[in-house]
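Below: the structure, in structure tokens.
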Amino acid sequence: MMAHQTTPVATQADTSLQRPWKARWSQIAVNAAAVFTLSAAIIHFFVVPEHFQEYLLYGLFFIAAGIAQAGLALALVIVPSRRLYIAGLAGSLGMVALWMISRTVGLPFGPNGAWRPEMVGMPDIIASLLELVAALFFLRLIVRRSQQRAFPPGRVVLATVPLVLLATLLTYLGADAGSHDMPVAFNAAPAVAGHPSTSVTQLTEAADAHGPIKTFTLAAQAARIGGHEAWTYNGTVPGPELRVTQGDRVRVTLVNHLPVSTTIHWHGIRVPNADDGVAGITQNAVAPGASYTYSFVAEDAGTYWYHSHQDTMNQIDQGLYGTLIVEPSGGHVPEAHDYTVLLHTTPGGSSIAVNGSTTGLHLAARPGEEVRLRLINAVPPSMNGGPEAPVLLGAPYRVVALDGHDLNQPQMLGPERLPLGIGQRADVVFTMPASGAVRLVDTELQGQPSPIERFFTPPLPLKDVVTIGDGPVAATNDLSHLPIFDLTHYGVPTTDPVATAQFAATYPVVLATTPGFHDGRIELVHTINGQASPNVPPITVREGQVVRLHIVNETGEYHPMHLHGHIFSVLARNGQPIVGSPIHLDSILVGPHSTWDVAFLADNPGIWMFHCHVLLHASFGMSMTVNYVGITTPFEMGSRSGNVPE
Ligand code: C2O
Ligand code: CU
């Protein structure tokens, strides 16, 4: 090797690698092309198993592509030649082109059928990026420029090392994302040949039910609301209120006019498993143009809601939810006024609304009359992480029910903030004062967000969401110092057979977060017992057992944990048994770094979701199932079926 030369004297005609300064430059380019091609090859090897599951041809293709790219990389280092550069350029651009076509218009064949675009994921973005960069180096090697600066020999190494580091990082990201990709197919409770089992599809409404039939049709359809494209039931957000009487046989036909598949889940009410509406567990998501009828007996009076359970986070955000009120079998509740107050966000999530209104709601009531407000929270928490905490001002009140279930002898309360995680409900009752109006003001509890999160998402301003009656209203100052309602010390104890039963087992449910990969994305993965869905081992129960859950929140966030199809009795918070009324819930708000013990009677066979109702957390992995022994499902989640329950 000779010393470096400061005056380039290259000629176009010279294509050999004899000139030392040129050799050095090409060497860097050759090394770079080889390193990036090898990285793409490694990522392709990592996605082979998944592609085999998805589509045989793709599995074979990615093995072939991986081998070809690894071979090319090796050949580039050992026997670089112009021919190889041309082959490399054609191959790399070909791969990128195939990727772009498959993700936009689709290929004439593929896992989803001909001309059906596939989903874009982290591994394929990174592999294509690597191929594109390699292609640029190949191009430079083919089209050599005459005016090149000379390099001292050490430069080759100096330039190659960071390239290798960068490629290693990208390979790691792509390969790790590829091996934590959204599963192609996952069955929460597969049937096993030779083991007799009952399919969830057989778990339908009892044949001997005989209450009056109440029929509804909910058409899932797009509409423009407040300048936003919304997804609605029957054209409104929220969808129509379904009001039935305890004991009614409810029939709801979902007609899907949306461009995407969807379902309806009946949140909090105990329905037969086949009618639970969870895509990929209790049914296939209802395709565009198709319909599906849900049937169940409204056994429990109370305040409930319904919402899509397919691509739930998005579909709720777009507007697919409504309220379900079951009036007691004797008829109406005793209060003169029975109002539903659904807190939610406008489609797209930009502002808080109540029953569809962003300018507040006015409800009629005269002095001396009793009013029941059925509060339902469907507001996803902001980045601050805290749940809504509405406050009633202007009259003392009682919290008569939580999650639809009556409390025993609830006492009168002064103004207190009533924490409601998304999905939770509270019925409050008060008497209209002799003069003046009563107001419901929404506040938000604070989680323990990082300073950065706090900076980017200031809490939503206090909102006067509902005014009841007419006349002057009390001024609101800072409400953040008001006491927070505590369900562990409220009402009067009475017997609760579930809370005092012999527990068949106690299962830990440890909630935590860890940065990593989930569904092919970099996320703050939300885990239960160290795993993210669908890999959280289910809790297995037998019909008739009373099972205790010991829920531990290791995070600084609030997690409203919701169990489908069951009601649980609250036993203790942070080890302290509850001292007031028995509390029966379907969702428990687990605050930062706290623990709750709850117990439920396994009286509704099926495969039931148990998940955080902060749907972002659920989509980040905080979701699992409670499986009854002997029950299996024919449905699967994942990209093959298109069922995405979170
Ligand atoms: Cu409100 Cu799994 O649902
Ligand atoms: Cu959560």
Where is the tightest heavy-atom contact between [X] and [Y], given as atom of each residue plus distance?
| X | Y | answer |
| --- | --- | --- |
| P433 | G394 | CG-O, 3.7 Å |
| I264 | Y294 | N-OH, 3.0 Å |
| A532 | T527 | N-CG2, 4.2 Å |
| A189 | I607 | CB-CD1, 3.5 Å |
| V498 | F503 | O-CE2, 3.6 Å |
| A279 | Q310 | CB-OE1, 3.2 Å |

Could you walk me through whether V614 and I422 pass side-chain contact (heavy atoms from CB on, under 4.5 Å), step by step?
CA-CA 6 Å; V614 175; I422 175 170; 4.2 Å; yes

Donor-acceptor contact present, side-chain [X] to main-chain [Y], <3.5 Å:
| X | Y | answer |
| --- | --- | --- |
| H344 | G356 | yes |
| D403 | R425 | yes |
| T340 | R374 | no |
| S623 | A618 | no |
| N377 | G423 | no |
| T282 | D275 | no |
| S619 | E646 | no |
| S587 | H562 | no |
| N553 | E557 | yes |
| T236 | P238 | yes |

Stepwise, does the side-chain contact (heavy atoms from CB on, under 4.5 Å) test hold for Q576 with T488?
CA-CA 9 Å; Q576 300 293 313; T488 66; over 6 Å; no

Less than 6.0 Å separating the ring centroids of H564 and H611?
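Distance test on ring centres: under 6.0 Å, yes.
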
Between [atom1] on residue [X] and [atom2] on residue [Y], distance to nearest 0.5 Å:
| X | Y | atom1 | atom2 | value |
| --- | --- | --- | --- | --- |
| I225 | T232 | CD1 | OG1 | 6.0 Å |
| I583 | N408 | CD1 | CG | 10.0 Å |
| T443 | R417 | OG1 | CZ | 3.5 Å |
| L445 | I484 | CG | CD1 | 5.0 Å |
| E554 | S594 | CD | OG | 11.5 Å |
| I376 | Q424 | CD1 | CD | 12.5 Å |

Using the side-chain contact (heavy atoms from CB on, under 4.5 Å) rule, take V391 and L418 through it: C-alpha gap first, then chi angles, then the decisive distance, then the call.
CA-CA 6 Å; V391 188; L418 183 52; over 6 Å; no

Do [X] and [Y] have side chains that get closer than 4.5 Å, going by heavy atoms?
| X | Y | value |
| --- | --- | --- |
| V579 | P493 | no |
| L585 | L402 | yes |
| L363 | V371 | no |
| P387 | L420 | no |
| F600 | I567 | no |
| V541 | Y628 | yes |
| V399 | P410 | no |
| L413 | Y490 | yes |

Thinking salt bridges, do R243 and D248 make one under a 4.0 Å N-O criterion?
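Judged by the 4.0 Å cut-off on N to carboxylate O distance, R243 and D248 do not form a salt bridge.
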
Any side-chain donor-acceptor pair under 3.5 Å between [X] and [Y]?
| X | Y | value |
| --- | --- | --- |
| N355 | S357 | no |
| H584 | D496 | yes |
| D470 | H362 | yes |
| T262 | Q315 | yes |

Plane angle bin for [Y] and [X] - parallel if under 30°, tilted between 30 and 60°, otherwise perpendicular:
| X | Y | value |
| --- | --- | --- |
| H265 | H307 | perpendicular |
| H526 | H559 | perpendicular |
| W305 | H267 | tilted |

Quickly, which of Y321, F296, Y304, F216 forms a ring-ring contact (aromatic ring centres under 6.0 Å, His included) with W266? Name it, please.
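The option that passes is F296.
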
How far apart are the C-alpha atoms of L242 and V250, what are their side-chain angles, what is the distance that settles it, and do they pass the side-chain contact (heavy atoms from CB on, under 4.5 Å) test?
CA-CA 10 Å; L242 310 184; V250 182; 5.6 Å; no

